[in-house]
Amino acid sequence: MAQDLTKLITPDALEQLAKPAVYKYGTAIYKRGGTQVESSDAGQTHGWAGGLDGGVTEGGSARRRVSLTATGKGLQWTCTCHPKGREHIFCKHCVALALAVAKK
């Protein structure tokens, strides 16, 4: 049975999923308003993150499609920034959208 997405998106969980620099960059994207939730329910969220000007440390990045899903095995995600074979990385776009979901 799937869990509630917001229960999987805690500050501790995000810091474990993302490398420190990636967490910082994702936080910058979120704080600058670089997230857009398109659809969301208890088990999943689809949206966009990024598309801001500036350097990476200020949250600058290309706009990417992100999906976050709560499953019986935990949090799963996809982002269009992932090159083939690196889908397991919890990127700055995933961090930014997760923060937007957690703050709702």
(request) May I ask you to check whether over 12 heavy atoms, not counting those of Asp53, lie within 6.0 Å of atom CG? (result) no
(request) Consider only side-chain N and O atoms of Asp4 and Thr6, and report whether a donor and an acceptor are under 3.5 Å apart. (result) yes
Any chain of hydrophobic side-chain contacts (each under 4.5 Å) joining [X] to [Y]?
X	Y	answer
Ile29	Val22	no
Leu52	Val66	no
Trp48	Phe90	no

Min side-chain heavy-atom separation [X]-[Y] under 4.5 Å:
X	Y	answer
Leu5	Thr45	yes
Leu17	Tyr23	no
Thr57	Tyr25	yes
Leu97	Trp77	no

Measuring from atom [atom1] of [X] to atom [atom2] of [Y], what distance do you get when rounded to the nearest 0.5 angstrom?
X	Y	atom1	atom2	value
Thr78	His93	OG1	NE2	12.5 Å
Ser67	Gln76	OG	CD	11.5 Å
Thr27	Arg32	OG1	CZ	13.5 Å
Ile89	Cys79	CD1	SG	10.5 Å

(request) List the atom of Leu14, the atom of Ala98, and the distance in Å for their closest heavy-atom pair. (result) CD2-CB, 3.7 Å
(message) For a quick test of reading the model, state the closest non-hydrogen atom pair linking Leu8 to Gly74 and the distance between them.
(response) CD1-C, 3.7 Å
(request) Can you sort out the partners of Glu38 under salt bridge (Lys or Arg N to Asp or Glu O under 4.0 Å), two or more places apart, ordered by chain and number? (result) Arg65
(request) Check for a donor-acceptor pair, side chain of Glu15 on one end and backbone N or O of Asp12 on the other, with a separation under 3.5 Å. (result) no
